[in-house]
Undergrad: 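Take a look at the following structure, please.
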Amino acid sequence: MKKIFLFLMIAGYMTPLFAGEKILVSEGSMKIGGLGEENLYFGFAAGDKIVFSFSEIYGKEIKEVEILEYPSASRYMDFKVSSASEKTVIVNKEGVYRFRFKNGKVSKRVCRYTIERIAASEETRVFNTTVQWVVQTDTVWKTYTKSVVIGYDTSWIKQSRRVVDTTFQKEELLLDRSERVHSMTNSNGNKRQVYFTLPVNKITGLETKKVVSWAYWVGVGEEANKAWKENASAISELARGTAAVYFTPLGALAVGAIADLALPKLGEDVYYALTDQDNKNLFMNGSQFRAYDTGKGVAGYRKIVDSRLCQGAFFLCLSNDNYVQGIDVNVKVIAIIETVRYKEESYKTPLVVPITEKQIFSEPEILQNRVPILTN
């Protein structure tokens with residue numbers, strides 16, 4: 001009986017009950033966004049064997065799959081794979097390991113993964129693989145040299161500068177055209193677009209010209225034409241006997257001489273949107289788009305003063321929601337060009353020159369990093 005007992009003890013030592021037993025660390029699935037990356041962090045004991053498997057559920061490639069000993073020592077890496085089965089990594093020392101999944105495509109990937117460990121001894125079978133995140137603070141002293149002002153030397157310099165001589169504004173007609181917009185049942189389609197470009201700002205030595213504001217008008221049929229004529233008559237009376245810079249109702253609106261324009265109350269309406277080229281294409285294709293301004297009615301208008309919108313090319317997109325009747329849409333665009341002329345003026349200015357010397361300084365720099373640590 002004693003000999004049998006020793007044999008069992010020896011056998012038990014040679015092949016422990018825990019030898020080769022896989023202990024589940026984590027399993028699940030994750031989404032990896034287009035061109036994105038996902039990371040998992042777990043702790044392992046010295047001597048552990050990490051057993052790692054994964055698969056993309058649709059069989060699509062993952063650009064990079066990597067296991068790193070934190071923070072950056074790569075222990076396993078594979079490229080352009082859709083699955084891996086029971087890849088083994090030996091843990092040389094207790095620490096945190098990072099499991100990195102990188103998607104190199106714009107479409108998402110969905111992965112299932114299994115992370116297991118084979119403990120090196122009975123004592124490490126219950127090793128806690130959960131990590132916690134802590135903020136580590138470190139202070140680094142930086143020594144540097146900089147110039148310090150210890151005095152000043154002043155002299156007078158004769159210079160010249162530009163000063164404003166005259167400033168004036170002028171209305172410029174950019175567009176005045178009629179566009180046929182067919183009905184919804186017409187084979188030509190019920191959408192149209194009108195293109196125009198604002199004058200380019202110019203800067204020369206003694207003169208600058210720039211667009212300070214602009215305005216547009218969209219009107220349908222004879223009703224809108226009548227309203228336009230009424231507005232034109234009103235601003236003609238307003239400008240009589242003055243040195244007005246505007247010639248049209250839009251010009252008066254753009255320079256601030258009037259606050260609004262009369263609109264017709266009856267007639268066919270049109271949907272309009274002020275956009276750039278990319279959104280014009282979306283509009284024409286029936287896709288969702290963005291616009292600087294939109295409206296719907298027999299007529300409409302808008303004054304633009306934002307300097308970011310006072311340069312470049314624009315599109316007025318038109319749409320007719322009438323099933324059987326086409327419409328004629330008149331589109332007008334004007335810009336207010338401001339010209340500033342300068343002259344040279346002489347003057348004296350003090351030139352203050354600092355006197356400096358090099359001095360050595362030290363200052364602390366506090367660094368904070370969020371790092372994973374073992375929970376044990």
Side-chain angles (χ1 to χ4, degrees), residues 71 135-174 196-216 238-239 241-247 250-259 274 276-278 290 292-293 302-314 333-371:
V135 176
Q136 291 184 346
T137 302
D138 192 15
T139 301
V140 178
W141 285 89
K142 287 189 173 182
T143 300
Y144 59 95
T145 301
K146 73 174 183 178
S147 297
V148 177
V149 177
I150 59 174
Y152 296 92
D153 186 13
T154 304
S155 60
W156 291 88
I157 306 298
K158 186 177 180 180
Q159 294 182 323
S160 64
R161 61 189 171 194
R162 291 193 318 167
V163 294
V164 175
D165 187 17
T166 58
T167 301
F168 59 91
Q169 294 180 339
K170 179 182 177 182
E171 176 186 343
E172 183 174 325
L173 177 65
L174 304 182
F196 62 93
T197 302
L198 296 176
V200 177
N201 293 343
K202 296 180 180 180
I203 301 176
T204 58
L206 293 175
E207 184 179 86
T208 64
K209 290 184 177 182
K210 68 176 182 178
V211 179
V212 293
S213 64
W214 59 281
Y216 69 85
L238 181 66
T242 66
V245 301
Y246 54 86
F247 311 104
L250 281 180
L253 179 73
V255 299
I258 58 175
L274 178 67
D276 56 23
Q277 182 168 345
D278 290 338
R290 293 184 177 181
Y292 302 117
D293 184 41
R302 175 70 184 272
K303 170 185 175 181
I304 308 294
V305 296
D306 188 339
S307 60
R308 295 170 297 180
L309 299 179
C310 284
Q311 286 288 274
F314 296 89
V333 182
I334 67 94
I336 301 299
I337 312 298
E338 182 179 79
T339 300
V340 180
R341 291 177 179 159
Y342 301 87
K343 62 182 179 181
E344 293 290 339
E345 178 182 81
S346 297
Y347 69 102
K348 288 184 178 181
T349 183
L351 176 62
V352 179
V353 179
I355 303 170
T356 63
E357 69 177 16
K358 298 290 186 180
Q359 294 185 6
I360 298 175
F361 295 86
S362 294
E363 65 179 26
E365 181 180 5
I366 298 176
L367 305 176
Q368 288 189 330
N369 296 303
R370 188 170 177 266
V371 299

Undergrad: Would you kindly check if the NZ (Lys) or CZ (Arg) of K158 is within the cone defined by 45 degrees around the ring axis of Y347 and under 6.0 Å from the six-membered ring centre?
TA: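 So K158 doesn't make the cation-pi contact.
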Undergrad: Identify the heavy atoms of R162 and T204 that sit nearest to each other, and give their distance.
TA: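 The pair with the smallest heavy-atom distance is NH1-O, 3.6 Å.
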Undergrad: Report yes or no: do K358 and S147 form a side-chain donor-acceptor pair below 3.5 Å?
TA: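 Their side chains do contain a donor-acceptor pair, which is all the 3.5 Å distance test asks for.
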Undergrad: With sequence neighbours excluded, what pairs up with Q277 under the side chain to side chain donor-acceptor pair (under 3.5 Å) test?
TA: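 Q277 satisfies side chain to side chain donor-acceptor pair (under 3.5 Å) with no other residue.
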Undergrad: How close do E207 and Y342 get, counting heavy atoms only, and between which atoms?
TA: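 Heavy-atom minimum between the residues: N-CD1, 4.1 Å.
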Undergrad: Does a side-chain heavy-atom distance below 4.5 Å link E357 with Q359?
TA: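 SC-SC contact between E357 and Q359 confirmed.
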Undergrad: Within this structure, what is the OG1-CD1 distance for the pair T143 and I360, rounded to the nearest 0.5 Å?
TA: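 Atom-to-atom, T143:OG1 and I360:CD1 are 8.0 Å apart.
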Undergrad: Would you check if I336 and E171 make a side-chain contact, meaning some heavy-atom pair closer than 4.5 Å?
TA: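 Yes, side chains in contact.
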Undergrad: Measure across Y246 and G251 and return the closest heavy-atom pair with its distance rounded to 0.1 Å.
TA: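 Where Y246 meets G251 most closely, the heavy atoms are CB-C, 3.4 Å.
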Undergrad: For V371, does its backbone N or O pair with a side-chain atom of N369 as donor and acceptor, under 3.5 Å?
TA: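 No: the side chain of N369 does not pair with the backbone of V371.
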Undergrad: For E363 and Y144, which I'm curious about, is there any donor-acceptor pair between the side chains at under 3.5 Å?
TA: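 Side chains of E363 and Y144: pair found under 3.5 Å.
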Undergrad: Nearest 0.5 Å, what's the CD-CD distance between Q136 and Q368?
TA: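 If we round to the nearest 0.5 Å, Q136:CD and Q368:CD are 11.0 Å apart.
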Undergrad: Would you say NZ of K209 has more than 12 non-hydrogen atoms from neighbouring residues, nucleotides or ligands within 6.0 angstrom?
TA: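 Result for NZ/K209: open.
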Undergrad: State, to 0.1 Å, how close L174 and L198 come at their nearest heavy-atom pair, and which atoms those are.
TA: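 Looking at all heavy atoms of both residues, the shortest contact is CD1-CD2, 3.6 Å.
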Undergrad: Which pair of non-hydrogen atoms, one from I304 and one from C310, has the smallest distance, and what is that distance?
TA: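 Looking at all heavy atoms of both residues, the closest pair is O-SG, 4.4 Å.
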Undergrad: Looking at every non-hydrogen atom in both residues, tell me the closest pair between V352 and P354 and how far apart they are.
TA: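 Scanning both residues, the minimum pair turns out to be O-CD, 3.6 Å.
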Undergrad: Got a donor-acceptor contact below 3.5 angstrom from the E338 side chain to the V212 backbone?
TA: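 Here the side-chain-to-backbone pair does not exist.
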Undergrad: I'd like to know whether V164 forms a side chain to side chain contact (heavy atoms under 4.5 Å, CB included) with V340, so could you lay out the CA-CA distance, the side-chain angles of the two residues, the decisive distance to 0.1 Å, and finally the verdict.
TA: CA-CA 7 Å; V164 175; V340 180; 4.0 Å; yes
Undergrad: Counting heavy atoms not belonging to I203, are there more than 12 under 6.0 Å from its CD1?
TA: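 Atom CD1 in I203 is not crowded, with 12 or fewer foreign heavy atoms closer than 6.0 Å.
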Undergrad: With the side chain counted from C-beta on, respond yes when T154 and L351 share a heavy-atom pair under 4.5 Å apart, and no when they do not.
TA: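 No, side chains not in contact.
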Undergrad: Any ion pair linking R341 and D165 (charged N to carboxylate O, less than 4.0 Å)?
TA: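 Answer for the salt bridge query: no.
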Undergrad: Within this structure, what is the CD-NZ distance for the pair E345 and K343, rounded to the nearest 0.5 Å?
TA: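 The NZ atom of K343 is 7.0 Å from CD of E345, to the nearest 0.5 Å.
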Undergrad: Do the ring centers of Y216 and F314 come within less than 6.0 Å of each other?
TA: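 Ring-ring flag for Y216/F314: false, centres at least 6.0 Å apart.
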Undergrad: Rounded to the nearest 0.5 Å, how far does OG1 of T137 lie from CG of L367?
TA: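 Rounded to the nearest 0.5 Å, the CG-OG1 separation comes to 9.0 Å.
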Undergrad: Can you tell me if Q311 uses its side chain to pair, donor with acceptor, with the backbone of P199 under 3.5 Å?
TA: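 Between the backbone of P199 and the side chain of Q311 there is a qualifying donor-acceptor contact (under 3.5 Å).
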Undergrad: Identify which one of V333, I337, I334 satisfies the side chain to side chain contact (heavy atoms under 4.5 Å, CB included) criterion when paired with W214.
TA: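 Of the listed residues V333, I337, I334, the side chain to side chain contact (heavy atoms under 4.5 Å, CB included) partner of W214 is V333.
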Undergrad: Please report the interatomic distance CG(L309) to OH(Y292), rounded to the nearest 0.5 Å.
TA: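 Rounded to the nearest 0.5 Å, the CG-OH separation comes to 6.0 Å.
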Undergrad: Go through the steps to decide whether T208 and T339 satisfy the test side chain to side chain contact (heavy atoms under 4.5 Å, CB included), and finish with yes or no.
TA: CA-CA 6 Å; T208 64; T339 300; over 6 Å; no
Undergrad: Main chain of I157, side chain of T349: is a donor-acceptor contact present, judged purely on distance under 3.5 Å?
TA: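 Flag not set: sc T349 to bb I157 has no pair under 3.5 Å.
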Undergrad: Got a second to check how far T356's OG1 is from I150's CD1, nearest 0.5 Å?
TA: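 One finds 7.5 Å between OG1 of T356 and CD1 of I150.
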Undergrad: Looking only at atom types and distance, does a side-chain atom of D276 sit under 3.5 Å from a main-chain N or O of A313, one as donor and one as acceptor?
TA: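 Absent.
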Undergrad: Can you check whether Q169 reaches V255 side chain to side chain, under 4.5 Å on heavy atoms?
TA: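 A side-chain contact under 4.5 Å exists here.
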